[in-house]
There are 2 protein chains.
Amino acid sequence: MSQILRQQIEKITPLTDKEFEYILSHFTFKKLKKHQFLIQENDTVQNDHFVVKGLLKAYYVNHEGKEHIMQFAMEDWWVTDYQAYFNQTVATLNIDCLEPTEVLCLSIHNREKLCADMHKIEHSFRKKSNLGYVALQRRILSLLNSNAKERYEQLLQQYPTLFQRVPKTLIASYLGVSRETLSRLSS
Amino acid sequence: MSQILRQQIEKITPLTDKEFEYILSHFTFKKLKKHQFLIQENDTVQNDHFVVKGLLKAYYVNHEGKEHIMQFAMEDWWVTDYQAYFNQTVATLNIDCLEPTEVLCLSIHNREKLCADMHKIEHSFRKKSNLGYVALQRRILSLLNSNAKERYEQLLQQYPTLFQRVPKTLIASYLGVSRETLSRLSS
DNA sequence: TTTTTTTTGTGATATAAATCACACTAGGAA
DNA sequence: TTCCTAGTGTGATTTATATCACAAAAAAAA
């Protein structure tokens, strides 16, 4: 079950069984129902979460009550309110489950402990973070450079499986388009 | 002169003189004139660059010849085409100098060597990358959630010094607004 | 099954922002 | 100094997209 986590780390650096066991001992397991919140605005953010199974959305709700999706997270993805998690402040994002979900939770304390104890794992986290940075840059470029239709097509190409699991309304909210406009585009 | 680099690293982790000397030996120094390119589209990207002095813009030019600024970089900032740098592919961005500029260059090979040799420096790079990730998330949220005027005001608040050094035309290009619209906003 | 909620499509209208066009200004270069 | 280019402001018009409104379809709940 947690093999999916091991596989992810081992894409960057190989581990012995002992090492992985040690790493895993720093995580806790959490099971959530559909519609259940992982994090709500103003919560203190204890954990980063590795998705073992399921699908979540992390989103910001503005003063008009409008949602904007920061990220989706499915199997093999990490999700939390990173601003709050890294700076140990209060959440500005909400994260809830679009499907029944299972996650492995890593507190900031355990994360830092792991990184201090095991150079390997710090290496792996650095690499992951670098890739994440590049992915966000791509998204920014897409927002700056492309119109609604182009952004839709780019997303469709990048994450084709997402479209079978997520309603269009939410895709629209991720792309920064109204659902009506998105509906007109795909036809 | 390179003390500015040391200061940045030491915000995360203290260094001995020896350690810093060792780190610095992995960098090369480069001096550029105004309008000179640090990276051009289709270049192979050898280095990440720490700005010691000056100001640069990293931007994407689309098929219509329109520029979109991915980031500015001034003193104490890092800049390169990260997608190309980390994946050792060819640049899609251009980076050039808005002012006479001095940078310290770190090849990907030396970066990885430093990180492998010195757990401390890998730690520092991980932390930096995490902060960068959060900053990009904020920018995405700003693009999704705010109109031109709000984005302008957010930027003004976040980087007030930038506005004294960069023409409004470029601010517009960073914000994803036409220069005419930006001009009408600020009045 | 029936009922209720969520998701989607589509018309009509409003609006923010882009584009085109031109003129004015200021700072560097000759 | 004079020229020239980069930067800026502003009007007129167009365009992409948001918003409002309603109905149909699909999915979930009872």
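Residue numbers begin at 1 in each chain, while the letters A, B, ... track the order of the sequences.
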**Message:** With a 6.0 Å cut-off on the ring centroids, do A/Y82 and B/Y133 count as close?
**Reply:**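 Centroid distance A/Y82-B/Y133: below 6.0 Å, so yes.
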**Item:** Within the 6.0 Å centroid threshold, strictly below: A/Y159 and A/W77
**Value:**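 Between A/W77 and A/Y159, which both carry aromatic rings, the centre distance is below 6.0 Å.
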Output the rounded distance in Å from [atom1] ([X]) to [atom2] ([N]).
X	N	atom1	atom2	result
A/E67	C/dT6	CD	P	12 Å
A/K168	D/dA24	NZ	C1'	16 Å
B/L185	C/dA17	CG	C1'	9 Å
A/H35	D/dA27	NE2	P	15 Å
B/L182	C/dT19	CG	C1'	16 Å
B/N147	D/dT17	CG	C1'	14 Å
A/L170	C/dT8	CG	P	8 Å
A/Q164	C/dT7	CD	P	17 Å

**Request:** May I ask you to decide whether A/K127 forms a salt bridge with B/E112, counting only side-chain N to carboxylate O separations under 4.0 Å?
**Result:**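 Looking at A/K127 and B/E112, the cut-off is met.
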Does [N] have its OP1 or OP2 closer than 4.0 Å to a side-chain nitrogen or oxygen of [X]?
X	N	answer
B/T169	D/dA6	no
A/T181	D/dT17	no
A/S183	C/dT8	no
A/K66	D/dT19	yes

**Asked** Does NZ or CZ of B/R139 lie under 6.0 Å from the centre of the six-membered ring of B/Y174, at an angle within 45° of the ring axis?
**Response**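 That pair qualifies as a cation-pi contact.
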Between [options], spot the one nearest the side chain of [X], thanks.
X	options	result
A/P167	C/dA17, C/dT7, C/dT19	C/dT7
A/E180	D/dT8, C/dT8, D/dC20	D/dC20
A/K34	C/dT19, D/dA28, D/dT17	D/dA28

**Message:** For the CD atom on A/Q88, are there more than 12 heavy atoms of other groups (residues, nucleotides or ligands in this structure) within a distance under 6.0 Å?
**Reply:**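 Check passes, neighbour count above 12.
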**Asked** Does B/R184 get its side chain close enough to the base of C/dT19, under 3.5 Å, for a donor-acceptor pair?
**Response**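 Such a pair exists between side chain and base.
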**Request:** Hey, which sits more toward the 5' end of DNA chain D by its nearest nucleotide, A/R179 or A/A148?
**Result:**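 Upstream on the strand: A/A148.
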**Request:** Look through every strand shown and name the nucleotide pairing with D/dA30 as Watson-Crick or G-U wobble, where both distances are under 3.5 Å.
**Result:**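 Check on D/dA30: paired to C/dT1, both distances under 3.5 Å.
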